[in-house]
*Asks:* 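Here's a structure for you.
Note that these values count all heavy atoms, side chains included, but never hydrogens, waters or copies made by symmetry.
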Amino acid sequence: MDPERHDQGLGARERDILALERRGFPGPGAKERAIREELGLAPVRYYQLLNALLDDPRALAADPVTVNRLRRIREARRAER
């Protein structure tokens with residue numbers, strides 16, 4: 001199932017954020033550079049939007065693998081605090 005075809009009403013920005021999260025990045029700073037250059041967002045704003053997106057049922061429906069992976073990472077980080 002192609003996540004782009006089952007976006008469940010997500011906007012272009014939300015789909016772009018999920019697409020960026022599916023990619024791998026070669027080293028430190030590469031992801032932040034992609035966030036700025038490709039999405040035109042400050043990394044802080046990007047992560048705010050991403051965090052809200054992880055709680056959005058439409059995002060889960062659109063890309064369950066990515067959203068569940070990121071939710072697990074978020075929960076692990078919260079548990080460390």
*Asks:* Within the side chain of Asn51, is there an N or O that forms a donor-acceptor pair under 3.5 Å with the backbone of Tyr47?
*Replies:* no
*Asks:* Please give me the minimum heavy-atom distance between Ala34 and Phe25, naming the atom from each residue.
*Replies:* CB-CE2, 3.7 Å
*Asks:* Would you name the heavy atoms of Ala59 and Val67 that are closest together and state the gap between them?
*Replies:* O-CG2, 3.5 Å
*Asks:* Would you give the length of the straight line joining atom OH of Tyr46 to atom CD of Glu32, rounded to the nearest 0.5 angstrom?
*Replies:* 9.5 Å
*Asks:* With no hydrogens and no angle check, is any side-chain donor or acceptor of Arg71 less than 3.5 Å from a backbone partner on Leu54?
*Replies:* yes
*Asks:* Atom CD of Glu21 and atom OG1 of Thr66: how far apart are they, to the nearest 0.5 Å?
*Replies:* 8.0 Å
*Asks:* Nearest 0.5 Å, please: how far is CD1 in Ile17 from CD1 in Ile35?
*Replies:* 9.0 Å
*Asks:* Would you say the side chain of Leu70 lies within less than 4.5 Å of the side chain of Leu53, judging by non-hydrogen atoms?
*Replies:* no
*Asks:* For Arg77, give me all partners under side chain to side chain donor-acceptor pair (under 3.5 Å), at least two apart in sequence or on another chain.
*Replies:* none
*Asks:* Look only at the side chain of Arg58 and the backbone of Gly9, and say whether a donor-acceptor pair between them is shorter than 3.5 Å.
*Replies:* yes
*Asks:* Quick one: do Arg69 and Asp63 make a salt bridge, cutoff under 4.0 Å?
*Replies:* no
*Asks:* Would you please test Arg74 and Asp55 for side chain to side chain contact (heavy atoms under 4.5 Å, CB included) and show each step?
*Replies:* CA-CA 11 Å; Arg74 181 175 69 177; Asp55 296 324; 2.7 Å; yes
*Asks:* For Arg23, which residues count as a salt bridge (Lys or Arg N to Asp or Glu O under 4.0 Å) partner, sequence neighbours excluded?
*Replies:* Glu38
*Asks:* Answer yes or no: is there a side-chain heavy-atom contact under 4.5 Å between Leu20 and Leu50?
*Replies:* no
*Asks:* Can you check whether Arg13 reaches Leu49 side chain to side chain, under 4.5 Å on heavy atoms?
*Replies:* yes
*Asks:* Find out whether Asp56 and Glu14 are in side-chain contact, i.e. whether some heavy atom of one side chain is under 4.5 Å from a heavy atom of the other.
*Replies:* no
